[in-house]
Number of protein chains: 2
Amino acid sequence: MNPHANGRAPVLRIDLSSSVPVYLQIASRLRALLVSGELKAGHRLPSVRQLAADLGVHHNTVALAYRELAKEGWLELRRGRGARVLRRAEPKADSGAKAEFLRRLEGLVAKAAADGLDPESISRQFEALRRKLWKGKSS
Amino acid sequence: MNPHANGRAPVLRIDLSSSVPVYLQIASRLRALLVSGELKAGHRLPSVRQLAADLGVHHNTVALAYRELAKEGWLELRRGRGARVLRRAEPKADSGAKAEFLRRLEGLVAKAAADGLDPESISRQFEALRRKLWKGKSS
DNA sequence: GGGCATTGTCTAGTGTACATAGACAATGTA
DNA sequence: TACATTGTCTATGTACACTAGACAATGCCC
């Protein structure tokens, strides 16, 4: 069942001490929910002010995240109406995106190794993510 | 003509159009080389001015990357002498680092899925990275 | 239809980080 | 001792993240 049983939108978690900008953390987390299908087409997101209040940031910060996702085709934004999840055609994979991804992945994994994280555990986590985030298309 | 051409193979590549700061790209790539053992203890890195000239950036930008790695215990920096790779004790894994890693990994993989990248190919790349970066530490 | 609360958007203002520029200080060497 | 080489420091311009608060579109209730 829905863990957010109060009828309100899910409360995301952000890390104010992270070097990753808050609006990107929000967009990133929401994108994961969209990709995995936990947020489906037609779903309404909380208003920028509601989510901002939940997170303790300014509503413009949330608006920036929403606009980022709208630009990627995930959301429809209309003033006075809110944010709705769209049905989105999957874009063609381009080689630039893949190169960028690989560079970032290398950096991330190298940092994990440098920090002494356990490789087996990390492999398991990665496979779990892969299954979850691509589950909508392989079946 | 290529502004970085100096007749030698590039030590590393950076992407000026990326949103990732240049000094972090440099540190990230070098960290991968350090973790994998391609840069061993005792090795000398190019001077900040040499590397900066290769990359087409200011030497202070490279110096910032070097200092980042020195702070992590990878390098010894002495003015007049250059940068040398240190023997470094692997730190204990702490849960904060792991949580941060997982958040970033989720964001990265979700973005890859959103961009239409192929999951099998990505899994293979991940395993290759894992083997390379944890070489000698695990079966 | 009128009034009004709700929603996303816009323009400004402020603080911080990134990158550059160039001087400075420590080290090695001829 | 001279001098070139090296990392470090202070200053400066620019872009970005976040906040602040007004504005405009929408839907709802009477």
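In what follows, chains are A, B, ... by sequence order, proteins preceding strands, each numbered from 1. Values in this document were obtained by computation on a predicted structure and should not be read as measured data.
- You'll find that the side chain of A:Gln50 is closest to C:dT7, out of C:dG22, D:dT19, C:dT7.
- A donor-acceptor contact under 3.5 Å is not formed by the side chain of B:Asn60 with the base of D:dG7.
- Rounded to an integer number of Å, the gap from B:Arg84 CZ to D:dG7 P is 13 Å.
- Ion pairing between a basic and an acidic side chain is recognised when a charged N comes within 4.0 Å of a carboxylate O; A:Arg124 and A:Glu127 show no such pairing.
- For the pair B:Tyr23 OH and D:dT8 P, the interatomic distance rounds to 15 Å; values are reported in whole Å.
- Residue contacts shown for A:Thr61 include a base, since a base heavy atom lies under 4.0 Å away.
- If B:Arg49 and A:Arg79 are placed on DNA chain C by their nearest nucleotide, the residue sitting closer to the 5' end is A:Arg79.
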For this session: Determine, step by step, whether A:Arg104 and B:Lys111 satisfy the side chain to side chain contact (heavy atoms under 4.5 Å, CB included) criterion, reporting the C-alpha distance in whole Å, the side-chain angles of both residues, the deciding distance to 0.1 Å, and the verdict.
Result: CA-CA 11 Å; A:Arg104 294 204 188 212; B:Lys111 186 66 164 58; over 6 Å; no

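- Atom CZ in B:Arg44 sits roughly 10 Å away from atom C1' in D:dT5 (whole-Å rounding).
- Looking at every heavy atom in both residues, B:Pro46 comes nearest to B:Tyr66 through O-OH, 2.7 Å.
- Rounded to whole angstrom, the span from the NE2 atom of A:His59 across to the P atom of C:dT7 amounts to 11 Å.
- Separating the CZ atom of B:Arg78 from the P atom of C:dG28 is a distance of 7 Å, rounded to the nearest angstrom.
- When the P atom of D:dG7 is taken as reference, atom CD of B:Glu68 falls 17 Å away, rounded to whole Å.
- One atom, CG of B:Leu24, and another, P of D:dC16, lie 16 Å apart when rounded to the nearest Å.
- A sub-4.0 Å separation between OP1 or OP2 of C:dT6 and a side-chain N or O of A:Ser47 is absent.
- Nearest-nucleotide positions on DNA chain C place B:Leu64 closer to the 5' end than the other of B:Gly80 and B:Leu64.
- With hydrogens and angles ignored, a donor-acceptor pair under 3.5 angstrom links the side chain of B:His58 to the base of C:dA21.
- Judged purely by atom type and a 3.5 angstrom limit, A:Lys132 has no side-chain atom pairing as donor or acceptor with the backbone of A:Leu129.
- Side-chain contact between B:Leu75 and B:Leu86 is absent, with no heavy-atom pair separated by less than 4.5 Å.
- In this structure, A:Arg81 atom CZ and D:dT26 atom C1' are separated by 8 Å, rounded to whole Å.
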